[in-house]
**Student:** 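I'd like to ask you about the structure that follows.
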2 protein chains.
Amino acid sequence: MAEKPTAAPDTAAPAPPVDGPVPEGDSDTRRGPETREAIDLAAIELFANRGYHATSMRAIASAAGIQPAAIYHWYESKEAILIGLQDDFMEELTEAVEAAVDRVETPAAKLAAAVREHVVFHGLHARAAFVTDSEIRALTDDPRRTLIAKRDDYQERFRSLIEAGVDDGTLKTSEDRVATYAILLQCTGVALWFDPRGPLSLDRVADLHVELVLGSLGASPELIAGVLAELHDGEQGERKAA
Amino acid sequence: MAEKPTAAPDTAAPAPPVDGPVPEGDSDTRRGPETREAIDLAAIELFANRGYHATSMRAIASAAGIQPAAIYHWYESKEAILIGLQDDFMEELTEAVEAAVDRVETPAAKLAAAVREHVVFHGLHARAAFVTDSEIRALTDDPRRTLIAKRDDYQERFRSLIEAGVDDGTLKTSEDRVATYAILLQCTGVALWFDPRGPLSLDRVADLHVELVLGSLGASPELIAGVLAELHDGEQGERKAA
DNA sequence: CGTCTAGCCTAACGATCGTTCATGAAGTTC
DNA sequence: GAACTTCATGAACGATCGTTAGGCTAGACG
């Protein structure tokens with residue numbers, strides 16, 4: 001860890017931000033709750049880029065434009081930042097998927113809606129998704145158990161949708177549990193590679209995953225096309241209503 | 001990081017192993033190259049369980065039954081341990097998949113063979129697979145670029161197999177690149193959840209993934225069954241020849 | 001105007017980090 | 001049996017870690 005040879009005082013006063021494109025707060029004066037948002041933003045970015053344990057409180061503070069001690073006015077510990085981030089993500093994800101599922105009727109369409117919303121949400125909040133997924137092991141026992149329970153609940157929703165599709169004869173699978181793992185892994189992985197500046201829109205990527213998922217569950221091309229049409233109609237209806 | 005309140009000398013002499021089921025070397029005398037293997041084993045286990053940055057050299061040494069300084073006789077730095085681990089994994093994985101692909105003829109069968117071998121290899125070396133995948137960002141620039149290039153090469157093999165299957169009409173996909181990401185993500189993810197003590201054998205899980213992958217690429221149930229039969233024949237033939 | 005509090009600062013504490021240094025015991029070679 | 005290499009040890013160095021103590025300041029409130 002030989003990085004700065006000079007023996008400076010512990011607090012690296014203004015200290016250049018340690019790395020690449022990170023939102024650097026203007027080092028003005030007191031900002032109230034905006035400071036908390038700046039901390040959240042900096043933490044998501046840094047946790048995603050370098051990992052929780054490779055990110056120091058000093059780096060977060062620097063990226064947020066404050067001093068390290070100021071973080072403790074808003075969070076009681078480094079872990080509390082991570083927990084808050086992960087809780088927020090899981091809650092919003094679950095709500096979004098639940099709402100999408102409720103918008104359609106048949107099991108196959110419900111599964112497709114869940115897949116679609118899962119992909120879109122992971123594309124829109126890629127860094128938070130990645131941190132929530134990859135830093136479970138950084139948590140201490142209690143918060144880890146809590147988060148794993150939420151994740152298991154979430155997975156179970158998908159599994160039971162698959163089961164319902166198999167029961168009504170529209171879908172087929174040899175092992176619904178393995179299919180659930182496979183489907184969620186490939187959809188969650190969108191957060192790893194999706195680039196909004198790339199050639200494919202997020203909507204397109206989401207549709208492609210609906211195709212892949214329903215295809216892997218033995219759905220006919222006609223069923224897939226029908227379900228996709230139903231999803232897009234539902235979206236438009238929702239938007240008119242809102 | 002307040003963990004041990006007492007101010008002990010820096011080297012925590014015998015020091016109990018810091019955590020759960022980790023291979024603890026017998027603290028006998030000098031052991032030669034066995035020590036290197038003990039270091040490798042300890043590092044894989046600890047990197048996988050806690051992450052690279054959360055694993056200290058002292059923890060690795062303790063799990064390997066040696067003193068921290070002894071590690072530097074075998075590796076020049078902590079990062080060198082990680083690089084060695086990842087290089088070994090990628091090389092063995094690539095060789096295994098290449099051999100499996102060469103055993104069969106048609107594009108669909110080659111893709112299925114690649115998927116099958118990929119899943120089996122990730123199930124057999126789950127911890128090394130996880131570390132190779134998840135700790136890319138822990139590497140410094142040069143080794144990271146090297147590893148990413150190898151991973152991209154590996155992905156490209158799968159993509160071109162898919163392309164070949166589409167070209168000869170046995171497979172269908174709207175976007176081969178997205179399909180490649182999705183397929184590799186779900187197959188790599190086997191390392192995250194597969195448990196050899198669980199109800200499903202690794203061979204069964206591998207076959208299930210072949211079904212899922214070929215299904216998502218629009219293969220007919222007959223084609224899937226035929227390809228699976230071909231794969232199992234090939235395996236038997238290889239084993240007779242060996 | 002005086003008091004209080006929210007918000008942030010400077011400075012530092014004690015622990016732990018990766019790594020290095022000097023030393024030495026055991027094998028090997030001549 | 002002397003010289004050399006291999007493998008490991010105990011102790012330490014300097015940096016950095018998460019966190020805390022204490023103080024300053026601007027605005028709210030009486």
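Below, read A as the first sequence line, B as the second, and so on, with proteins coming before strands; counting in each chain starts at 1.
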**Student:** Write down the distance between CD1 (B:Ile39) and C1' (D:dT9), rounded to a whole number of angstrom.
**Tutor:** 14 Å
**Student:** Kindly assign one of parallel, tilted or perpendicular to the pair A:His209 and A:Trp193, based on the angle between their ring planes and the thresholds 30° and 60°.
**Tutor:** parallel
**Student:** Rounded to the Å, how far apart are B:Arg58 CZ and D:dT9 P?
**Tutor:** 14 Å
**Student:** How long is the line joining CZ of A:Arg31 and P of D:dG27, in whole Å?
**Tutor:** 15 Å
**Student:** In whole angstrom, what separates A:Ile66's CD1 from D:dT19's C1'?
**Tutor:** 14 Å
**Student:** Pick from A:Arg157, A:Lys110, A:Arg103: which one makes a salt bridge (Lys or Arg N to Asp or Glu O under 4.0 Å) with A:Glu98?
**Tutor:** A:Arg157
**Student:** Looking only at side-chain N and O atoms, does A:Thr35 come under 4.0 Å of OP1 or OP2 in C:dG7?
**Tutor:**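 Checking A:Thr35 against C:dG7: no side-chain N or O falls below 4.0 Å of OP1 or OP2.
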**Student:** With rounding to the nearest 0.5 angstrom, report the OH to CD distance, B:Tyr181 to B:Gln155.
**Tutor:** 6.0 Å
**Student:** Where along residues 71-87 of chain B does a heavy atom come under 4.0 Å from DNA chain D, residue by residue in number order?
**Tutor:**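 Hits under 4.0 Å, by residue number: B:His73, B:Trp74.
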**Student:** Nearest whole Å is fine: how far is C:dG18 P from A:His53 NE2?
**Tutor:** 12 Å
**Student:** To the nearest angstrom, how far is B:Met57 atom CE from D:dC13 atom P?
**Tutor:** 20 Å
**Student:** Does the cation-pi check pass for B:Lys78 over B:Tyr52, that is, NZ or CZ under 6.0 Å from the six-membered ring centre and within 45° of its axis?
**Tutor:** yes
**Student:** Can you name the closest pair of heavy atoms from B:His118 and B:Tyr154 and give their distance?
**Tutor:** ND1-OH, 2.6 Å
**Student:** Between D:dC17 and A:Ser56, is there an OP1 or OP2 to side-chain N/O distance shorter than 4.0 Å?
**Tutor:**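 Checking D:dC17 against A:Ser56, a side-chain N or O does come within under 4.0 Å of OP1 or OP2.
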**Student:** How long is the line joining CD of B:Glu34 and P of D:dT6, in whole Å?
**Tutor:**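 About 18 Å, once rounded to whole Å.
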**Student:** Atom CD of B:Gln67 to atom P of D:dG10: distance rounded to whole Å?
**Tutor:** 5 Å
**Student:** Do the rings of B:His125 and B:Phe121 sit parallel, tilted or perpendicular, given the 30° and 60° boundaries?
**Tutor:** tilted
